[in-house]
Amino acid sequence: MTARIAFPPSNFYFRPVLYFDHNATSPMHPAAKETWSEAVDRYIGNPSSPHRVGDRADKALNEAREKLADLLGCHPQDIVWTSGATEANNLVIHHAAVSKAEFATFWTSGIEHPSVMEPMRHHFPKRNLFMPPDEDGALSIDKLKASLARRRPAILGLMASNNETGVVQPWQDALKACRENNVEFFCDATQWLGKRPADGLGKCDFVSGSAHKFGGPRGVGFLKCPEGKIEPLLRGGSQEEGRRAGTENVPGVLAMMSALELRESQLAKGEHPSRVKWRDDFIDSILEKLAGAELVGADADRMWNTVSVLMPQTDCQQRWVVKLDKAGFAVTTGSACASGKEEPSHVLTAMGHAPKDAGRVLRFSSGWETTEADWLDMLAGVLKVNEEMEAIAEPAA
Ligand code: PMP
């Protein structure tokens, strides 16, 4: 399989696009699609209904709960199904705001996803702390320990890996430091799940995930929380033991688990090291051939699928995305200057990059189905666009 996607369907005028934006969303895997479509026909009942048709759907949902708990290493009753990671993250922060003391504080890194940072600003105004990472984009565990020795938050959140840079965060060490200091620990594992093993995440008090980042459908995810009570964000029916009202998305949950199990088996079979090499070859060529290009998080442990590069300067970085898009490559940038309003990535600025440099970032994110040939085509696309840009930049003779 290749990452080249005929989009929209082939009779349309678009040429196929080479898709390198899997951190935004990944296409649904055929196995997950099949599970979804079978489940739609097989589990027609509402899991809360009292008859056998409802019971059948409820059983399927609980089997999925057991599978996820098994992968994470927690109790099945710790799992609450949600509409994705945004809802799961909001649920944790809402829960903390309602259940902790009035003066309790919430700490995270300054490179979290907006679905963590915005609810924190909303629910913990003046009681939040966003800790900057080191220059390679990872939170310093020594600095965290030093801070915990002075003061303690009620909860500390740290993502497992960053969506913009792919830099892996020291969540296992942060969890340990939290345990030693009697602080609850929350991990947004959205960009980790399906790319690195889920095992061990269940030890965190709270973990969030979203199916569409690893080949499941959009609009479904989960929160792992301490068994028992969590202050619900959505109130209504008593679904999910009163922790999340609303009829559960049974086909979505089953398709998510089908995708996650498939990814876990790819990891167990050791299918990722070759992908690290394809990524590294791409990086080496970019750095060698593009004067002024810089790899973000160069010395850090990074996810095998993500490359974040500060590209040579242009008047507007959006140009790279537009030109690559026209040439048949879907990549993204951390800043948006289409409207003339440049907003540099908060992740890059938290890492200490000046806004001007942070605006130079391009993100290439591959998926499991991306091949070595796709990486080579992507490289050829970047070099071709670079030539075009250099030609434009040449002063008129
Ligand atoms: N957290 C992280 C780290 C993410 O990358 C994303 C998606 N970009 C989310 C949370 C939100 O996920 P969703 O949009 O599926 O709710």
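Source: prediction; values computed, not measured. Atoms within each ligand, like the ligands themselves, are counted from 1 in listed order.
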Determine whether the side chain, the backbone, both or neither of [X] has a heavy atom under 4.0 Å from any heavy atom of ligand 1.
| X | result |
| --- | --- |
| Asp188 | side chain |
| Glu87 | neither |
| Ala85 | both |
| His212 | side chain |

Are Trp278 and Trp304 close enough that their ring centers fall under 6.0 Å?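 For Trp278 and Trp304, the ring centres are not under 6.0 Å apart.
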
Between Trp375 and Phe282, does the ring centroid distance fall short of 6.0 Å?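 Ring centres of Phe282 and Trp375 closer than 6.0 Å.
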
Taking the non-hydrogen atoms of Lys213, is any one of them nearer than 4.0 angstrom to ligand 1?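 It does, in that a heavy atom of Lys213 comes within the 4.0 Å cut-off of ligand 1.
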
Does some non-hydrogen atom of Ser115 fall short of 4.0 Å from ligand 1?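 Contact check Ser115 vs ligand 1: positive.
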
Contact (N/O only, under 3.5 Å) between Asn23 and ligand 1: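 By distance alone, the answer is no.
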
Which of the atoms in ligand 1, numbered in the order shown and given with their element, are less than 4.0 Å from a heavy-atom of [X]?
| X | value |
| --- | --- |
| Ser210 | 13 (P), 15 (O) |
| Met159 | 3 (C) |
| Gln191 | 3 (C), 4 (C), 5 (O) |

Does Asp280 reach the side chain of Lys277, with side-chain heavy atoms less than 4.5 Å apart?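 In short, these two side chains do not touch, never coming nearer than 4.5 Å.
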
If you define the side chain from C-beta out and look only at heavy atoms, does anything of His22 sit under 4.5 Å from Phe214?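 Counting from C-beta outward, His22 and Phe214 never come under 4.5 Å.
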
Ignoring hydrogens and angles, write down the donor-acceptor pairs under 3.5 Å from the side chains of residues 286-299, residues two or more places apart or on other chains.
none

Once you measure the plane-to-plane angle for Phe106 and Phe124, does it fall in the parallel (<30°), tilted (30-60°) or perpendicular (>60°) bin?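 Rings of Phe106 and Phe124: perpendicular, over 60°.
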
Can you spot which of Leu201, Val92, Leu158 makes a side-chain contact (heavy atoms from CB on, under 4.5 Å) with Cys187?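 Result for side-chain contact (heavy atoms from CB on, under 4.5 Å) with Cys187: Leu201.
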
Enter the distance from Asp284:CG to Leu379:CG here, rounded to the nearest 0.5 Å.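 Between atom CG of Asp284 and atom CG of Leu379 there are 10.5 Å.
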
Starting from atom 4 (C) of ligand 1, what is the nearest protein heavy atom, named by residue and atom, and what distance separates them?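 Protein heavy atom at minimum distance: His113 CD2, 3.3 Å.
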
Can you report which non-hydrogen protein atom sits closest to atom 13 (P) of ligand 1, along with the distance?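 Here the closest protein heavy atom is Thr86 OG1, 3.6 Å.
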
